[in-house]
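What follows is a single structure, written as structure tokens, with notes after it.
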Amino acid sequence: MSENETLISAARQARENAHAPYSNFRVGAALRATSGRIFGGCNVENATYGLTVCAERVAILKAISEGERGFNAISVVTDTDTLTPPCGACRQLIWEFCGDVPVILANLKGKTETIWMKDLFPKPFDSSNL
Ligand code: THU
């Protein structure tokens, strides 16, 4: 299995744990640290709706809270024909911790597309603006 396939597979597995009873839109993400460790995340919804946390942010916060710094790719998996890019809030967090990494989108049928963060988030607000 290639590195990308391994990451997609971790995102697929994380998606199995999605708590999405309100949208029924199940998302899995996986983040590869430069250490080689992979962190999975799923979306975790809430009855208040607004407290929902996306899969990407769950994966990032897990990794950061485990002491990881430095990442080289993130994958997002959904069961949709049109692949799912990270939402705006997630792009901001991915940029903060990962910078210009490849975002590997995939669905359950094996369709994939890689988009670099610089293209998804061309004019970021970050520490360079402070
Ligand atoms: N969602 C994610 O987890 N990641 C994305 O990139 C897009 C949206 C979740 C949030 C919510 O639980 C559901 O998908 C519908 O918006």
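Just follow the structure's listing: the first ligand is 1, and inside any ligand the first atom is 1. Everything quoted here is computed from the prediction, not taken from an experiment. Sequential numbering from 1 along the given sequence is applied to the chain's residues.
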Exercise. List, ordered by chain and residue number, the protein residues whose closest non-hydrogen atom lies under 4.0 Å from any atom of ligand 1.
Key: S23, F25, V27, N43, E45, T52, C54, A55, E56, P85, P86, C87

Practice problem: Go through the side-chain N and O atoms of T78 and T80 and say whether any donor and acceptor fall under 3.5 Å apart. | Solution: yes

Quiz item: Between N4 and S2, does any side-chain donor sit less than 3.5 Å from a side-chain acceptor?
Solution: no

Quiz item: Which heavy atom in L31 sits nearest to a heavy atom in L7, and how many Å separate them?
Solution: C-CD1, 4.0 Å

Self-check item: R15/V27 under side chain to side chain contact (heavy atoms under 4.5 Å, CB included): CA gap, chis, key distance, verdict
Solution: CA-CA 5 Å; R15 181 180 167 277; V27 187; 5.7 Å; no

Quiz item: side chain to side chain contact (heavy atoms under 4.5 Å, CB included) between R57 and C90: does it pass, once the steps are laid out?
Solution: CA-CA 6 Å; R57 274 177 285 155; C90 289; 3.3 Å; yes

Practice problem: State whether K111 and D81 are salt-bridged, where the test is any N-O pair (Lys NZ or Arg NE/NH1/NH2 against Asp/Glu carboxylate O) under 4.0 Å. | Solution: no

